[in-house]
Amino acid sequence: MQVVVPDPSSEVASATTAIPLQKNIRELSLSLKEDFLKQEKNFRPDSKNSSEAMKKFSNAIADAAQIQREGVIVEKKFAYDGRPVSKIKTPYGTYCVRHPKAGEKPELSPPPIAVSCGQL
């Protein structure tokens, strides 16, 4: 008894040549276009939601930038009556020190003590 084993390379070659390739290029391109438009519509982000998310993100960054982590910052300002004031920002809080006006007698000027800054 003799067993015949078919050659696999001849089957692959005959299978590809046996099926005729008949494609309608116009139908194929239209179906690809429709698929692309469906995908584009589904994956397009909502501009309203993205702008709200971006606002939240930018507010979080702005809040994080306001936190002073180290060091002391001294700003020179003037009070409503023209008195020079030093606004001192530290990691533990902010306070102001009033200074005498130029030419003011020492006995008439308030002491240089730390006060709240109010609107400064």
Side-chain angles (χ1 to χ4, degrees):
M1 184 172 184
Q2 189 176 17
V3 177
V4 177
V5 178
D7 184 18
S9 62
S10 64
E11 286 180 14
V12 173
S14 65
T16 56
T17 57
I19 301 171
L21 296 175
Q22 296 177 359
K23 294 182 181 178
N24 186 349
I25 302 297
R26 183 157 178 80
E27 288 179 17
L28 181 63
S29 65
L30 287 176
S31 68
L32 289 173
K33 181 179 178 182
E34 289 173 6
D35 289 343
F36 177 75
L37 291 175
K38 287 177 186 176
Q39 288 179 359
E40 186 181 53
K41 183 179 178 183
N42 291 338
F43 290 117
R44 186 174 298 163
D46 187 15
S47 63
K48 188 174 187 178
N49 287 341
S50 85
S51 67
E52 290 174 10
M54 195 55 126
K55 283 180 186 177
K56 287 180 184 178
F57 179 66
S58 64
N59 289 340
I61 289 177
D63 291 342
Q66 296 295 327
I67 297 171
Q68 182 181 348
R69 302 204 187 306
E70 58 185 54
V72 176
I73 299 171
V74 178
E75 296 177 8
K76 303 291 184 184
K77 300 203 175 236
F78 291 94
Y80 64 91
D81 61 348
R83 183 173 306 284
V85 177
S86 296
K87 185 174 185 177
I88 302 166
K89 295 180 182 179
T90 69
Y92 305 106
T94 302
Y95 61 94
C96 290
V97 176
R98 297 181 295 182
H99 301 288
K101 291 182 185 178
E104 188 176 39
K105 293 182 181 178
E107 61 268 13
L108 297 177
S109 67
I113 58 172
V115 295
S116 68
C117 292
Q119 297 295 324
L120 292 178

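These figures come from a predicted structure and were not determined experimentally.
Looking at residues two or more places apart in sequence or on another chain, you find a side-chain contact (heavy atoms from CB on, under 4.5 Å) between T94 and K87, K89, C117. Shown here are the side-chain hydrogen bond (donor to acceptor under 3.5 Å, both in side chains) partners of E34, two or more places apart in sequence or in another chain: there are none.
The line from CG of N59 to NZ of K55 is 9.0 Å long, rounded to the nearest 0.5 Å. Atom CD1 of I25 sits about 11.5 Å away from atom CG of L30, to the nearest 0.5 Å.
Note on V97: it clusters hydrophobically with V72, by side-chain heavy-atom contacts below 4.5 Å among ILVMFWY residues. By the criterion of side-chain heavy atoms lying less than 4.5 angstrom apart, applied directly or through intervening Ile, Leu, Val, Met, Phe, Trp or Tyr residues, Y95 is grouped together with V74 in one hydrophobic cluster.
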Please list every donor-acceptor pair under 3.5 Å in which a side-chain atom of residues 99-108 meets a protein atom from a residue at least two apart or in another chain.
unit_1: H99; atom_1: NE2; unit_2: S86; atom_2: OG; d: 2.7
unit_1: K101; atom_1: NZ; unit_2: D81; atom_2: O; d: 3.1
unit_1: E104; atom_1: OE1; unit_2: R83; atom_2: NH1; d: 2.9
unit_1: E104; atom_1: OE1; unit_2: K101; atom_2: N; d: 3.0
unit_1: E104; atom_1: OE2; unit_2: R83; atom_2: NH2; d: 3.3

